[in-house]
Amino acid sequence: MKRILLLVLNCTALLAAAQTSLNMILRGQWFDPTLPISSGLTYNDIWGYSTPDDGREYAIIGSLTKVHFIDITTPAAPVEVAAIAGGGSSLWRDMKTYSKYAYSVADQNPTTEGLMVFSLSDLPNSVTKVLQTTAFFSRCHNIFIEEATGRLYAAGCNTQSGGLIVLDLVTDPANPTLLASVALPGGYVHDVFVRNNIAFCSHGFNGLYAYDLTNPGSPLTLGSLTGYPEAGYNHSSWMTGDGNRLVFCDETHGSSVKIADIQDLSDISVISLFKSALLAPLHTNSIAHNPFIKGDSVYVSYYHEGVQVFDISNPADVQRVAYYDTHLNHTNYGGYDGAWGLYPFLPSGNIIASDTKTGLYVLSFPPAAPLPVEWGSFHADVEEHGIRLNWETITERDNAGFEVERSTDGRPFQTIARIPAQGNSSAPQSYAAFDRSPAPGLHYYRIRQTDYDGGYAFSVIVSVSFYGKENSIRLYPTMVSAGGPVSISVGATYLSPVLISLFDVAGALVYQTGVSLSQGENTWRWPAQLGRSGIYFVRIETPAGPHAFRVLVQ
């Protein structure tokens, strides 16, 4: 059954900060608030597809348990055509397409989904899973399809942990056959890019290797790059159109994106380093994930900083030309929240991206047409008798006004207030509204902006839990040390103990205790026995409802 689902920014904090962008416009969003969450993550990788017959466009996005096929032909109204489960749950999924088929893999023990093949021939009506097999592997981290040769390259598989598995798609795309399973000198392959049978393998901390796989059963090592500036976990790469350069990312905090000269594969060298750092100069340890090259631009999905676009026509002077930040609340670069993947190759020119928490984004660069309102910040504050909403616009053009809309599940929205607008303005404008009748529980808010000619556009959506100001809870700081103090500020006195539960990044419960909280400031100490540093999730359950927080332990 087809469903239209809108993006929900599912923030556990009470504030949603501004989304920032440069030369890039949000065209549409999709998010399903009913999907499961693990380690704070719901979504993973993404790929795009356009039907050859009618040119309709689709996003293929992975979640913990499913592969979702979203019709984005009309970006402002994305439609989920199908959501197909493989039988397991995985933080890591990867999808690619060939002919009228899509292929997906998953990689998280004990997931044993193997390879799934989907027929796309009945779009826009349906998608059908035509094969699910563990004949080649039960787990796999990434796949790459070289369309010119019709070969699928599988990397990070449990049955070939030190190399690649190569499958033939030409003979029967619905039933791939094995060409080779080969070990490689670089060891474990995290991801691979292939052109003209030359495979560039990202071998993690072992660096980057190039292999000739014309005969996939007898690979030839052509060159390697094992020591280079700002080396980290060699994650993924993409080649320029002329084949002279390779852009690759190290999935390591603070490590720049690199451009390598690959004209002589026996002497690969890094010729340029560049990075995004929206929080500079205070923080510069950003972390890039996946690069894709289109023309003279490289599109990079960044944890914390969304989609970043750089002009690499002159490697000696790389310039950032556009970005759209999908991750709202980051104040540093700790952890791995934010944009996972992107796809910039749709015929329309639209870019699609996946955010681990907030799902699918449809973007345009350069902007196809200016929108009547350039949005600034939008946040919701809990007060004693309701929720105060404040938003800003950067510019306005022919703006007739705003409608504040509320929902309790992120799907049907109802108008609760109408606010007149400035109309036309090149300077920032501030607006406010107050919801005096929220019921206890979680609420979603968005702003509908209407033009003089009747056209309209939506803001991002923010979420907030309302239990009254007397039941509000804050936990700080969010960066602590084992055994160190943590402040819990509450608006009420809970004489009976509230339950504090701590979960590690894998979602496992690691500590639980009852604590009595008094109105005002309370001091609680992080359990000293949890000496391991990393990201933890704190859940405080009170008589008025649960409150969730994210803490980094150093």
Side-chain angles (χ1 to χ4, degrees), residues 8-16 33-34 36-42 328-329 331 334-335 337 357 379-388 408-409 435 437-445 462-554:
V8 179
L9 301 180
N10 191 10
C11 308
T12 55
L14 298 184
L15 297 179
T34 68
I37 301 171
S38 177
S39 303
L41 177 153
T42 297
L328 294 179
N329 294 336
T331 56
D337 295 328
K357 294 180 182 293
H379 56 85
D381 297 321
V382 173
E383 297 187 358
E384 185 172 359
H385 299 296
I387 297 173
R388 185 168 298 281
T408 57
D409 61 5
D435 184 359
S437 58
L442 184 63
H443 296 274
Y444 303 99
Y445 294 91
V462 298
S463 66
V464 60
S465 295
F466 177 76
Y467 299 108
K469 187 175 181 180
E470 66 275 10
N471 291 311
S472 64
I473 285 186
R474 289 194 304 132
L475 182 146
Y476 57 92
T478 56
M479 185 180 298
V480 303
S481 58
V486 179
S487 294
I488 302 176
S489 174
V490 299
T493 297
Y494 300 111
L495 298 178
S496 58
V498 301
L499 184 64
I500 298 180
S501 303
L502 308 183
F503 301 86
D504 64 16
V505 73
L509 178 67
V510 296
Y511 182 83
Q512 199 168 62
T513 186
V515 177
S516 295
L517 299 177
S518 299
Q519 188 174 28
E521 301 296 319
N522 298 262
T523 299
W524 175 68
R525 291 194 172 273
W526 191 265
Q529 61 267 39
L530 295 181
R532 187 174 62 181
S533 61
I535 296 173
Y536 291 83
F537 299 93
V538 181
R539 181 181 174 91
I540 302 177
E541 298 183 40
T542 75
H547 301 260
F549 307 91
R550 177 179 175 272
V551 173
L552 175 64
V553 178
Q554 295 184 316

### Summary
Taking every heavy atom of Ala482 against every heavy atom of Ala528, the minimum-distance pair comes out as CB-O, 4.2 Å

### Message
With a 4.5 Å cut-off on side-chain heavy atoms, are Ile540 and Leu499 touching?
### Response
no

### Query
Would you find a donor on one side and an acceptor on the other, under 3.5 Å apart, between the side chain of Lys357 and the backbone of Asp337?
no

### Asn522 side chain vs Ile488 backbone, donor-acceptor pair below 3.5 Å
yes

## Note on the structure
What one should report as the nearest heavy-atom pair of Pro485 and Val480 is O-CG1, 4.3 Å

#### Entry: By side chain to side chain contact (heavy atoms under 4.5 Å, CB included) - contacts of Pro527 (at least two apart)
Leu502, Tyr511, Trp524, Gln529, Leu530

### Query
Is any side-chain heavy atom of Ile387 closer than 4.5 Å to a side-chain heavy atom of Tyr445?
yes

### Glu521 and Ser487: side chain donor to acceptor below 3.5 Å
no

## Note on the structure
Taking every heavy atom of Gly483 against every heavy atom of Arg525, the minimum-distance pair comes out as O-NH1, 3.1 Å

#### Entry: Atom pair CZ (Phe537) and CD1 (Ile37), whose distance is rounded to the nearest 0.5 Å
9.5 Å

### Task
Output all residues satisfying salt bridge (Lys or Arg N to Asp or Glu O under 4.0 Å) with Arg539, sequence neighbours left out; order by chain, then residue number.
Glu541

### Task
Check whether any side-chain heavy atom of Val553 sits under 4.5 Å from a side-chain heavy atom of Trp526, and report yes or no.
yes

